[in-house]
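Values reported hereafter were calculated over all heavy atoms of this structure, with side chains retained and with hydrogens, waters and symmetry mates removed. All of these numbers come straight from a predicted model, not from anything done at the bench. In what follows, chains are A, B, ... by sequence order, proteins preceding strands, each numbered from 1.
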Protein chains: 2
Amino acid sequence: MSVQTGDERDGRHLPEAAVERLAGYLRVLSTLPPIGTICSDDLATAAGVKPAQLRRDLSYLGSNGTRGVGYDIVLLTQTLSSALGAQQSHRVALVGVGNLGRALVGYSGFRGRGFKLAALFDVDPHKVGRFVGDLRIDAGADIVEVCTDRGISIGVIATPRESAQGVADVLVAAGVRSILNFAPAVLEVPSDVRIRRVDLGLELQMLAFHEARRAEETTRTSNRGSTS
Amino acid sequence: MSVQTGDERDGRHLPEAAVERLAGYLRVLSTLPPIGTICSDDLATAAGVKPAQLRRDLSYLGSNGTRGVGYDIVLLTQTLSSALGAQQSHRVALVGVGNLGRALVGYSGFRGRGFKLAALFDVDPHKVGRFVGDLRIDAGADIVEVCTDRGISIGVIATPRESAQGVADVLVAAGVRSILNFAPAVLEVPSDVRIRRVDLGLELQMLAFHEARRAEETTRTSNRGSTS
DNA sequence: CTCTGTGAACTCTTTCACAGCC
DNA sequence: GGCTGTGAAAGAGTTCACAGAG
């Protein structure tokens with residue numbers, strides 16, 4: 001029984017940082033015609049990384065290229081999809097249907113990439129019962145019941161900060177083990193629950209930091225009157 | 001002559017990864033009463049990092065604590081604000097006023113953290129001229145003129161993928177050197193322009209990856225019938 | 001005694017450079 | 001010739017553990 005699926009035999013430990021890039025490669029591939037091959041140089045450029053990095057990343061999944069030629073686009077797409085779990089259909093629940101929530105509902109990344117948005121929740125009684133697309137907004141109080149019923153495995157929190165921890169607790173109680181958190185809060189969850197946070201304020205501050213540093217350097221430079 | 005301002009004398013090279021956490025510390029501090037001190041253990045816990053990491057991060061900005069006591073909350077807030085450029089007011093332009101764009105306009109992180117949302121743009125003629133809050137939506141064609149006029153230093157791209165590169169080009173032409181990109185595209189810009197990308201699809205796929213891995217492990221475990 | 005600041009060890013990630021296959 | 005896959009080196013970032021200030 002030595003069928004190599006590429007899922008179980010990963011060679012070395014696949015680094016967390018590489019997973020993020022693999023998803024990027026998969027997206028680039030999806031914009032390509034599904035025929036022929038592509039070499040590491042071209043794919044790396046399109047994905048915004050160096051060729052050596054791409055080859056290393058792919059090597060974690062086994063040998064999927066042909067020396068002297070490149071990577072078969074169809075084959076590589078399959079390998080990546082499988083490694084990233086894009087073959088299964090993950091059911092996603094979204095909590096908090098404000099502007100951000102609606103933006104997420106409209107986000108095309110759900111469709112056709114292994115994700116199915118399968119539940120919406122909000123605490124606002126004015127919103128409960130209304131539809132966004134073809135999905136009904138359910139009451140926050142029903143999270144456990146509805147999520148369990150629909151086999152939700154991924155939760156997205158798009159509520160204000162104050163509600164985020166409570167929502168996380170309830171999602172965990174509903175059996176959700178992966179959470180994407182847009183609220184600017186550090187959530188406490190059991191260690192087997194995986195959280196990813198997207199924090200808009202933080203992203204802005206990173207940019208502000210570099211702006212500040214830039215201004216500082218400009219000042220210093222002009223103080224010295226150097227133009228070299 | 002050992003005047004340590006903390007701004008110029010950074011000791012060692014401040015790692016990119018640390019900047020992100022510094023912003024997190026600053027946020028935690030802002031939720032605290034502005035009196036007394038806090039020790040690395042407590043602040044680290046609240047920010048979701050280890051105490052040693054917090055101390056190391058702060059040490060990049062110089063010595064801002066008192067041994068045996070902790071960090072003065074007011075003083076540390078000032079140090080962090082200054083280091084992160086939260087003292088200046090950065091003018092931000094948002095391009096693409098769809099659901100995501102509106103969510104960003106409503107985002108409270110702009111106010112009171114050194115950011116001023118100072119321009120909105122959209123290509124849709126139906127949107128141009130309308131107001132969101134007290135800001136008028138201007139035409140995409142006017143980006144260069146308006147951004148230059150209003151001294152915009154940070155641009156946020158919340159358009160569909162197809163438009164993102166074009167918008168980036170125009171922002172760069174308008175003198176913007178820091179861009180936050182929500183479109184799922186790799187943008188090409190001059191090397192002195194700093195880009196941060198927030199990619200919702202990618203975040204979801206990272207979670208999916210770990211879900212897939214989890215499922216795999218469950219299968220393996222149940223195959224062996226082990227419950228220990 | 002408490003808690004910071006930091007050299008040193010360690011781990012994780014990237015990059016180089018080239019052997020090996022087409 | 002061209003391009004992949006990878007050992008080995010370099011570089012970044014994290015954690016330990018303890019000297020030393022209060």
Donor-acceptor pairs under 3.5 Å, side chain of residues 70-78 of chain A to any protein atom, not counting sequence neighbours: which ones?
residue: A:D72; atom: OD1; partner: A:V74; partner atom: N; Å: 3.1
residue: A:D72; atom: OD1; partner: A:L75; partner atom: N; Å: 2.9
residue: A:T77; atom: OG1; partner: A:I73; partner atom: O; Å: 2.6

Considering all heavy atoms, the nearest A:A23-B:L202 contact: CB-CG, 4.0 Å
Outermost nucleotides of DNA chain C that come under 4.0 Å of a non-hydrogen atom of chain A: C:dT13 to C:dC22
N/O (side chain, A:S63) to phosphate O (OP1/OP2, D:dG5) under 4.0 Å: yes
Interatomic distance, A:Y60 OH vs D:dT4 P [rounded to whole Å]: 17 Å
Atom-to-atom span, CZ of B:R21 to C1' of D:dT14 - whole angstrom: 8 Å
For the student: nearest non-hydrogen atoms of B:Y25 and B:L54, plus distance: OH-CA, 3.6 Å
Pairs of donor and acceptor atoms involving the side chains of residues 83-91 of chain B, under 3.5 Å and at least two apart or interchain, shall be tabulated with distances.
residue: B:H90; atom: NE2; partner: B:G85; partner atom: O; Å: 2.8

First encountered from the 5' end of DNA chain C, between A:R67 and A:A18: A:A18
Return a table of donor-acceptor pairs under 3.5 angstrom between the side chains of residues 39-50 of chain B and protein atoms on other chains or two or more places apart.
residue: B:S40; atom: OG; partner: B:R55; partner atom: NH1; Å: 3.3
residue: B:T45; atom: OG1; partner: B:D41; partner atom: O; Å: 2.8

Minimum heavy-atom distance A:V176-A:S178, with the two atoms named: CG1-O, 3.3 Å
Under 3.5 Å side-chain donor-acceptor pair for B:D169 and B:Q165: yes
Donor-acceptor contact below 3.5 Å, side chain B:R214 vs main chain A:D192: yes
Nearest non-hydrogen partners of B:A174 and B:I143, listed with the distance: CB-O, 4.3 Å
For the student: nearest non-hydrogen atoms of B:L171 and B:C147, plus distance: CD2-SG, 4.3 Å
Contact residues, residues 187-194 of chain A to DNA chain D [heavy atom, < 4.0 Å]: none
Nearest-angstrom distance from the residue atom CD of B:E20 to P of D:dG13: 12 Å
Minimum-distance pair of heavy atoms, taken over all atoms of A:R197 and A:A185: CD-O, 3.6 Å
For DNA chain C, the residues among residues 39-58 of chain B that have a non-hydrogen atom under 4.0 Å from it: B:C39, B:S40, B:R55, B:R56
